[in-house]
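Fair warning: this is a prediction, and the values are worked out from it, not measured in the lab. Lettering follows sequence order; numbering is per chain, from 1.
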Amino acid sequence: GIQVEQSPPDLILQEGANSTLRCNFSDSVNNLQWFHQNPWGQLINLFYIPSGTKQNGRLSATTVATERYSLLYISSSQTTDSGVYFCAVDYRGSTLGRLYFGRGTQLTVWP
Amino acid sequence: DVKVTQSSRYLVKRTGEKVFLECVQDMDHENMFWYRQDPGLGLRLIYFSYDVKMKEKGDIPEGYSVSREKKERFSLILESASTNQTSMYLCASSRDVAQHFGDGTRLSIL
């Protein structure tokens, strides 16, 4: 199967700082999603981004499919950004619609 | 908005019990998924389904079964619960690829 690697595994920031999370994948993908899991365990869709760049408020994401990576940018971080960020891909060698997850980046934002 | 509802947020059961976890979605999605999440391991796929009465094994199906009798409902069954099945269980649904998740069930097997 495909390998999905996220970095860094842990990130600690002061409120107001910017950060970049990375997702590398080992095969061609049909689609890619970024999720945020809050401290209560709820998994929230952030972006559905098989290629290109999208922005939603303080968050933006870029996927370069030809180079097999995606980046999630968080600007002016807030304590509510804390949680685990997951990247997940649907790759071309797999059953359509099935996602493969990375192990996540644990983000802690201090006031 | 898509609504995926899992029947319990927290559940405590005993070793050897048969355990049912229920998931219902309200968007007429064809695809439904069950994952478990353990610290440091991310989400691992247990079973998924593309249509009523259809099921496919994921990466870790051992000790689990599923049922999809209606399009909106996907049940995960632990045939004989064991302590190593203590985990967070997450259900998801999708029409194409973008998956939408329920709030999860924290299951403890004593």
Side-chain angles (χ1 to χ4, degrees), chain A residues 1-10 21 23-25 28-51 54 56 61 63 65 70 83-108, chain B residues 1-6 8-11 21 23 25 27 29-51 54-61 66 74 86-108:
Chain A
I2 192 170
Q3 304 300 311
V4 182
E5 295 181 353
Q6 293 187 241
S7 60
D10 297 280
L21 283 58
C23 173
N24 292 331
F25 41 94
S28 299
V29 298
N30 294 316
N31 293 297
L32 185 144
Q33 277 186 270
W34 282 99
F35 295 91
H36 173 220
Q37 187 172 42
N38 64 25
W40 295 272
Q42 296 167 318
L43 207 62
I44 309 298
N45 286 295
L46 295 177
F47 294 102
Y48 171 71
I49 183 167
S51 63
K54 290 186 177 180
N56 184 4
T63 297
S70 184
V84 184
Y85 289 81
F86 289 103
C87 165
V89 303
D90 164 29
Y91 86 104
R92 295 181 183 178
S94 176
T95 309
L96 187 65
R98 180 189 162 160
L99 289 179
Y100 290 80
F101 282 77
R103 295 192 175 193
T105 292
Q106 173 77 57
L107 174 65
T108 304
Chain B
D1 275 356
V2 178
K3 182 70 174 177
V4 179
T5 302
Q6 294 184 228
S8 305
R9 284 284 276 153
Y10 301 93
L11 202 55
L21 301 183
C23 176
Q25 49 94 5
M27 287 302 291
H29 285 171
E30 289 79 15
N31 311 323
M32 296 189 75
F33 306 83
W34 274 107
Y35 297 87
R36 68 176 277 176
Q37 183 180 11
D38 300 289
L41 297 180
L43 276 74
R44 293 181 292 167
L45 184 64
I46 305 172
Y47 267 99
F48 57 110
S49 169
Y50 287 128
D51 202 349
M54 294 185 69
K55 60 184 179 183
E56 299 271 353
K57 291 181 180 180
D59 297 321
I60 51 166
V66 290
F74 193 35
T86 291
S87 188
M88 170 74 135
Y89 290 87
L90 290 152
C91 174
S93 73
S94 72
R95 172 165 286 113
D96 38 48
V97 180
Q99 290 188 17
H100 302 268
F101 282 80
D103 288 346
T105 296
R106 292 191 184 274
L107 176 64
S108 296

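- Atom CG of L43(B) and atom CG of L99(A) lie 9.5 Å apart (nearest 0.5 Å).
- Residue contact with chain A, scored on non-hydrogen atoms closer than 4.5 Å, involves the side chain of R106(B) exclusively.
- The most heavy-atom pairs under 4.5 Å with chain A, out of A98(B), G40(B), A92(B), come from A98(B).
- The part of Q37(A) that comes within reach of chain B is its side chain, from C-beta onward, which places non-hydrogen atoms under 4.5 angstrom from that chain.
- Taking both residues in full, the closest heavy atoms of G42(B) and F86(A) are given as CA-CE2, 3.9 Å, listed atom of the first, atom of the second, then distance.
- Residue contact with chain A, scored on non-hydrogen atoms closer than 4.5 Å, involves the side chain of L45(B) exclusively.
- Atom CG of N45(A) is separated from atom CZ of F101(B) by 8.0 Å, given to the nearest 0.5 angstrom.
- Chosen from Q106(A), Q6(A), Q42(A), the residue pairing most often with chain B at heavy-atom distances under 4.5 Å is Q42(A).
- In terms of the salt bridge (charged side-chain N to carboxylate O under 4.0 Å, His left out) criterion, R9(B) has no residue partners (sequence neighbours excluded).
- Going from atom OH of Y100(A) over to atom CG of D59(B) covers 6.0 Å, rounded to the nearest 0.5 Å.
- No donor-acceptor pair closer than 3.5 Å links the side chain of D103(B) to the backbone N or O of G41(A).
- Between Y50(B) and R98(A), the shortest heavy-atom contact is OH-N, 4.1 Å.
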